[in-house]
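Labels below follow one simple rule: chain letters A, B, ... track the order of the sequence lines, proteins then strands, and each chain is numbered from 1. Both backbone and side-chain heavy atoms feed into the values below; hydrogens, waters and symmetry mates do not.
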Amino acid sequence: MPDIFNNKDGSSVFPSGDSEEAEVTRSPLDNTVHGSPPDKENQKAGSAESVTNEKVAAIPSEAPRQTVNPLSSFAVNPRSVSFETQETDETVILLLRRHVVTNVPWIVASVIAFFAPVFLIPAFSFLGLLSSVPASMQFVFTIFWYMGVFTFSFLSFINWYFNVYIVTNQRLIDVDFVNLTYREISHAPLFKVQDINFKQIGVISSIFNFGSVYVQTAGELPNFDFVDVPKPSEVVKIISDLVQSAEEGGNP
Amino acid sequence: MNIGDLISVFTNIYFFAKLFILTLFFFYVVFALVVLRQVDLMNQIIGTAISTLLKLVATLHLVLVFILFVLGVVLL
């Protein structure tokens, strides 16, 4: 069993009601993901397992066992992550955010805004624009400016930090933190997932390997757009495998 | 204070500037309160290792904005 599908104690993240077939299907993953020696039982298995072996071999071998960094935008088995509607037997397998590179515009803007008074105040003084403004007002305005920079940076950060896509062993969850007054949380069980694909458009996304993953679900459930997430191909593989495991395991 | 003084006070551009700035700062304090509340709510929805730190920063943000408001009242 691959570590990304295991709990900390080594048990499967899937409910205990998994069928034997499902177990057989997932077992070879252990050997693939982390390069441990082949399981003897799996070596004895028939052709059906061989097919499964080929399928799951695509899961990246460099996938970390557990992501510790709380600011990671691609966290496998993230530590200390939980969510409000989490079930007792539900485990977070993947937590995604927009790629870190997408933060560059607001970081650059914040840095420019932070240093702007250093250049603007002498320039305004030179032009004589500040001569009629009392010193106390200049002081308060300067403090106000830096508070504005702080507010802008903090809001941009939490906008990135709280816009997360969570993949558990039971469902997909999309938390959209649009602004301070609007947030949207949608989820769909894994067995309702019908189609998964991803798009990588542009030079920047190719260089930094991020893109958007599109998950289509059955019925009236919302479709999921995981926008600008890192390693989209790996995300698709992991979700596909989870969906397959969920279908075979008969998860609710 | 006679009516002439009163008119001169209200026509003083700094009076209106101060009024405008203090109103702005007041709404800034309200905004900072909303930010703190929202961070608190989001921490409940997604619990992470830095939830406490984020709430601390949001609280610090509110305190600083309130200090700014007080500075505006005192200095302007």
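When side chains are defined from C-beta on, B:Ile67 does not count as touching A:Ile143, because their heavy atoms never get closer than 4.5 Å. A 4.5 Å side-chain heavy-atom check between A:Phe144 and B:Ile21 finds every atom pair outside the cut-off. Looking only at side-chain heavy atoms (C-beta outward), B:Leu60 and A:Phe154 stay at 4.5 Å or farther from each other. No side-chain heavy atom of A:Tyr161 sits less than 4.5 Å from a side-chain heavy atom of B:Met42. At a threshold of 4.5 Å between non-hydrogen side-chain atoms, the residues A:Phe139 and B:Leu71 count as touching.
Few gaps surround CZ on A:Phe198; more than 12 heavy atoms of other groups in view lie less than 6.0 Å from it. Annotation for A:Trp106: atom CH2 counts as buried by contact number, over 12 foreign heavy atoms lying within 6.0 Å.
Neither the backbone nor the side chain of A:Ile173 comes within contact range of chain B; no heavy atoms are under 4.5 Å apart. For B:Ala58, the parts sitting under 4.5 Å from any heavy atom of chain A are the backbone and the side chain alike. Contact annotation for B:Ile46: both backbone and side-chain heavy atoms come within less than 4.5 Å of a heavy atom of chain A. Within the 4.5 angstrom heavy-atom criterion, only side-chain atoms of A:Val164, from C-beta onward, approach chain B. Residue contact with chain B, scored on non-hydrogen atoms closer than 4.5 Å, involves the backbone and the side chain of A:Thr151 alike. Contacts of A:Val81 with chain B are made by both backbone and side-chain atoms, with heavy-atom separations under 4.5 Å.
The aromatic rings of A:Phe150 and B:His61 lie perpendicular to each other, with more than 60° between the two planes, well past the 30° mark.
Between B:Val39 and A:Phe162 the shortest heavy-atom distance is O-CZ, 4.4 Å. Contact detail for A:Val140 and B:Leu68: the closest heavy-atom pair is O-CD1, 4.0 Å. A:Ser136 and B:Leu75 make their closest contact through OG-O, 3.4 Å (heavy atoms, listed as atom of the first residue, atom of the second, distance).
Remark: the backbone N or O of A:Met147 is paired with a side-chain donor or acceptor of B:Tyr28 at under 3.5 angstrom.
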Side chain to side chain contact (heavy atoms under 4.5 Å, CB included) between B:Val57 and A:Phe157, intermediate numbers included = CA-CA 12 Å; B:Val57 174; A:Phe157 174 78; over 6 Å; no
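If you take OH on A:Tyr146 and CG on B:Leu64, they are separated by 14.5 Å, rounding to the nearest 0.5 Å.
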